[in-house]
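Proteins come first, then strands; the chains are lettered A, B, ... in the order of their sequence lines, and each starts at number 1. Quantities reported herein were computed from a predicted structural model and do not represent experimental measurements.
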Amino acid sequence: MAGNRVLVPLSDTVTVRQTVSYAVRSGLEDADSLEVHLVVALPHDTEVPEGDEQREEANQLLARARRWLAEDAGDADVTVESAVLGDDEYLFGPRDYADAFEEYADEHGVDLVVIDPEYKPGVTSSILQPLERELDAAGLSYDEAAVERPARHERLVGEGTERFDRYFALFWISFGFYLVLGDPTYWFDLVTGVAVAGIVSASLANVTFSFPLDRIESPIRTVRFAFYVPYLIWEIVKANVAISVVILRPSMPIAPTITRVNTRVRSGLPLLALANSITLTPGTLTVRANDQRLIVHTLIPSAREDLFDGSLERAVRFVFNGRESARIPSPRERGDAEIIGGDEL
Amino acid sequence: MIPAGVSIEEIFLLAAALFVVLAIVMFYRAVAGPTTQDRLLAVNVLGTNTVVILALLAAGLDEPWFLDIALIYALLNFLMAVAISKFTVERGGVL
Amino acid sequence: MSRTDTYDDTYTESQVIMTSVRIIAPFTLTYGMFMSLHGADTPGGSFQGGAIIGVTVLMLAFAFGIEPTRRWLKNSFVVGLVTAGVAIFIGTGLATIALGGNFLEYDAFVETFGIAHYWGMEAIEVGGVALIVAGVVITLFFATAAGFTPDGRGEESYQAEVTDDD
Amino acid sequence: MIEAARFWAIVVLVVAGLFFTFVSAVGVIRLPDIYARAHTASQTDTLGAGLALAAVALALGWQQASVYTVLLLFFVFITNPTAAHAIARSAAETGIEPVTADSATDDGSPDSGTGAPDRNSSEPDAGSDVDGGETA
């Protein structure tokens with residue numbers, strides 16, 4: 001075999017260093033020359049405000065990885081290519097990543113993808129398993145880098161504070177809720193409250209917080225959410241009146257349509273907030289939420305227009321990412337909103 | 001200006017009665033269907049109505065512990081909707 | 001553009017449902033425990049508390065799939081829950097007999113330990129009722145979810161026996 | 001004076017709650033298919049329930065029970081749309097096709113399989129694009 005071409009998707013994990021050297025080692029085992037393609041897949045495109053920052057980080061990571069490669073390769077024949085993927089599209093689920101890798105692999109004739117076991121693109125949680133399945137589906141051969149156990153250990157230590165944050169946060173949420181239910185001045189409630197909060201946080205901390213908590217951002221988000229609620233209620237009342245007028249009219253002038261809106265919010269809590277806000281606003285009903293592709297049933301045209309104007313999406317982005325990121329074009333302007341037929345559900 | 005002879009409790013009881021009437025109206029959809037989801041939806045709405053009725057009765061009859069039951073009912077209502085809609089899907093979703 | 005085709009092998013619950021269950025679960029669990037602990041104060045309190053605890057687990061099972069939840073919540077743990085409930089129930093009852101009263105005659109506690117009638121009630125409510133109800137709800141659900149295969153039968157009937165004590 | 005204001009606030013909230021629940025009931029009966037019904041069933045009804053619960057909380061005043069009512073309010077507001085989404089999703093999953101404005105104008109009646117044979121008195125002239133500016 002003359003030469004191997006391997007694709008190594010990188011992300012900022014503790015095992016990324018080992019993954020790179022594994023790629024070099026295993027690639028040189030059965031071939032004398034190796035072409036390593038280092039890629040970083042960006043979850044956001046450059047249109048959204050946080051895209052630039054991520055691009056910057058990606059370039060730094062690539063530069064580091066190039067240095068590592070140079071170290072590991074020694075005098076073997078290793079060529080390096082690096083690229084940033086996904087700055088012209090919005091990568092979301094594992095399938096999007098797999099598609100992006102496959103496209104790149106096709107272009108450059110890559111034989112093998114070496115995946116970091118801790119591969120974690122963007123801020124979402126690990127997507128390794130579904131990613132492997134999607135790569136299988138895409139017909140791309142892959143290899144999971146054999147990283148050593150110390151790395152795993154290191155990861156647990158590294159995550160120690162994060163885990164503590166989760167337990168801590170849930171403990172106080174639960175304890176606070178308990179005292180709201182009970183009487184904060186009664187000793188029995190205080191004692192049992194601590195016990196209950198302990199049980200709740202021990203059993204559910206990792207269930208509730210599937211995402212890393214940020215000590216600064218998370219409280220700010222909570223505050224911003226408090227501002228969001230009155231706005232949402234106002235929207236709900238407004239839309240409810242509109243829908244009531246339509247329904248109570250004898251002719252009932254409804255015009256149901258199925259629309260697809262590609263949103264620009266992260267999965268998990270932001271998606272829940274957006275999907276539920278859309279559902280709570282009468283006239284629009286989220287039928288499906290496949291990653292960022294929402295299939296929304298709209299009942300009256302004005303509700304559809306509101307949806308396409310994306311005011312709720314902006315509000316949700318404001319809650320989770322701050323004022324800066326709320327300034328994005330509406331789904332209509334982005335071309336992310338379309339009316340589809342009912343058979344495409 | 002509070003009208004004479006009308007107490008808040010009576011208003012709540014009257015409202016609860018009207019909610020019951022509305023619930024009976026909605027019951028039509030639960031019976032008529034025609035799809036499972038229609039019935040499920042109707043029962044879900046009935047459940048929400050029941051929660052409201054319980055809350056109104058709690059205030060109207062001054063029995064605050066009705067609210068406990070209302071909360072549990074709301075929880076079970078949610079669970080019912082999620083569970084049945086999950087199990088009506090082909091392959092049962094999880095089972 | 002329909003992307004459901006390859007997701008057939010791993011049908012997961014919608015992210016919306018999953019996330020809202022994640023958010024609600026700690027609150028319902030706290031509330032369930034609160035109701036169990038304050039069961040003596042309100043009519044039927046502990047029964048509802050136990051039911052809420054059980055329902056919380058079922059909710060998680062719906063959202064995350066039954067198998068992962070079953071693994072998360074060890075079978076022996078649930079059986080232990082019910083057993084502990086029954087043990088506390090009977091233990092309290094026998095303790096009153098040992099102290100010279102009738103079965104579950106709380107007044108015996110008042111005379112011996114100088115504690116209020118309330119605490120005997122509390123023990124029964126928390127230990128006896130809440131644990132048993134929660135355990136039974138969970139057990140029945142998982143037993144049903146497992147299907148009625150012949151090899152699962154033994155375990156189920158064992159659990160049914162345990163719950164009969166209530 | 002404050003008592004009177006509170007009294008009228010409660011009356012207004014209860015009446016508004018009843019009104020929206022009524023709209024919800026009408027919608028559940030009249031609307032042509034499951035997706036459309038889910039709109040009123042989950043959302044208008046949620047608002048109706050929310051207003052009624054707010055009235056209860058207001059009537060109970062500053063005590064433990066009104067904390068429960070507020071909790072109930074939040075709970076209903078989180079779970080109802082989720083439940084509606086679950087139902088709509090299961091309907092989509094089982095292949096129930098929605099009545100859309102297009103399909104209704106094509107042949108005057110929505111295609112079969114929408115599962116709405118009982119649309120007796122409530123033929124929606126869905127093709128007409130009216131009320132475009134209703135939402136203010």
Side-chain angles (χ1 to χ4, degrees), chain B residues 1-3 6-9 11-12 14-16 18-19 21-23 25-26 28-30 32-38 40-42 44-45 47-49 51-56 58-60 64-68 70-71 74-75 77-90 93, chain D residues 3-4 6-8 10-11 14-15 17-18 21-22 24-26 28-29 33-34 37-38 40-42 45-46 48-50 52-53 55-57 59-60 63-66 68-69 71-73 75-76 78-80 82-91 93-96 114-118:
Chain B
M1 198 65 63
I2 302 173
V6 181
S7 71
I8 289 179
E9 281 76 19
I11 290 174
F12 279 136
L14 179 69
L18 290 174
F19 268 103
V21 172
L22 288 173
V25 172
M26 287 176 195
Y28 166 75
R29 186 53 72 195
T35 63
T36 313
Q37 281 82 11
D38 279 305
L40 182 53
L41 192 73
N44 192 30
V45 179
T48 313
N49 256 6
V51 169
V52 174
I53 293 166
L54 280 171
L56 288 170
W65 57 272
F66 274 25
L67 288 169
D68 289 350
L71 252 170
L75 182 63
N77 193 31
F78 171 63
L79 190 77
M80 186 264 321
V82 172
I84 298 182
S85 50
K86 202 174 168 71
F87 296 143
T88 48
V89 174
E90 204 186 351
Chain D
E3 270 308 299
R6 199 172 78 147
F7 178 86
W8 286 112
I10 289 168
V11 170
V14 168
V15 169
L18 268 169
T21 310
F22 172 70
S24 160
V26 171
V28 167
I29 301 297
D33 71 340
I34 171 77
R37 279 175 210 138
T40 55
S42 67
D45 193 56
T46 306
L53 289 175
V56 171
L60 290 172
Q63 54 159 313
Q64 197 64 33
S66 59
Y68 281 70
T69 319
L71 286 177
L72 197 56
L73 189 73
F75 192 78
V76 167
I78 296 174
T79 56
N80 256 11
T82 312
H85 167 74
I87 293 168
R89 186 171 183 268
S90 109
E93 204 86 34
T94 40
I96 298 170
T114 56
D118 54 338

Nearest-0.5 Å distance, CZ of residue Phe19(B) to CG of residue Leu54(B):
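One gets 12.0 Å once the value is rounded to the nearest 0.5 Å.
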Would you compute the distance between atom CG of Leu18(B) and atom CG of Leu56(B) and round it to the nearest 0.5 angstrom?
10.0 Å
Asn77(B): what forms a side-chain hydrogen bond (donor to acceptor under 3.5 Å, both in side chains) with it, not counting sequence neighbours?
Asn44(B)
If you tally heavy-atom pairs under 4.5 Å against chain B, which of Asn80(D), Val11(D), Thr79(D) wins?
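Of Asn80(D), Val11(D), Thr79(D), Thr79(D) has the most heavy-atom pairs under 4.5 Å with chain B.
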Can you tell which of Ala25(D), Gly50(D), Ala84(D) has the highest number of heavy-atom pairs within less than 4.5 Å of chain B?
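Among Ala25(D), Gly50(D), Ala84(D), the one with the most close pairs to chain B is Ala25(D).
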Taking every non-hydrogen pair under 4.5 Å, which of Leu79(B), Leu14(B), Leu75(B), Ile11(B) racks up the most with chain D?
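That would be Leu75(B).
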Specify which of Val52(B), Asn49(B), Val45(B) makes the most heavy-atom pairs with chain D at under 4.5 Å.
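Maximum pair count with chain D is reached by Val45(B).
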Got a sec, which residues hit side chain to side chain contact (heavy atoms under 4.5 Å, CB included) with Thr69(D), two or more places apart in sequence or on another chain?
Leu67(B), Leu53(D), Val56(D), Ala57(D), Leu60(D)
Answer yes or no: is there a side-chain heavy-atom contact under 4.5 Å between Met26(B) and Thr21(D)?
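SC-SC contact between Met26(B) and Thr21(D) confirmed.
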For Phe12(B), is it the side chain, the backbone, both or neither that has a heavy atom under 4.5 Å from a heavy atom of chain D?
side chain
Which atoms of Phe22(D) are under 4.5 Å from chain B, going by heavy atoms: the side chain, the backbone, both sets, or neither?
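Both parts, heavy atoms under 4.5 Å.
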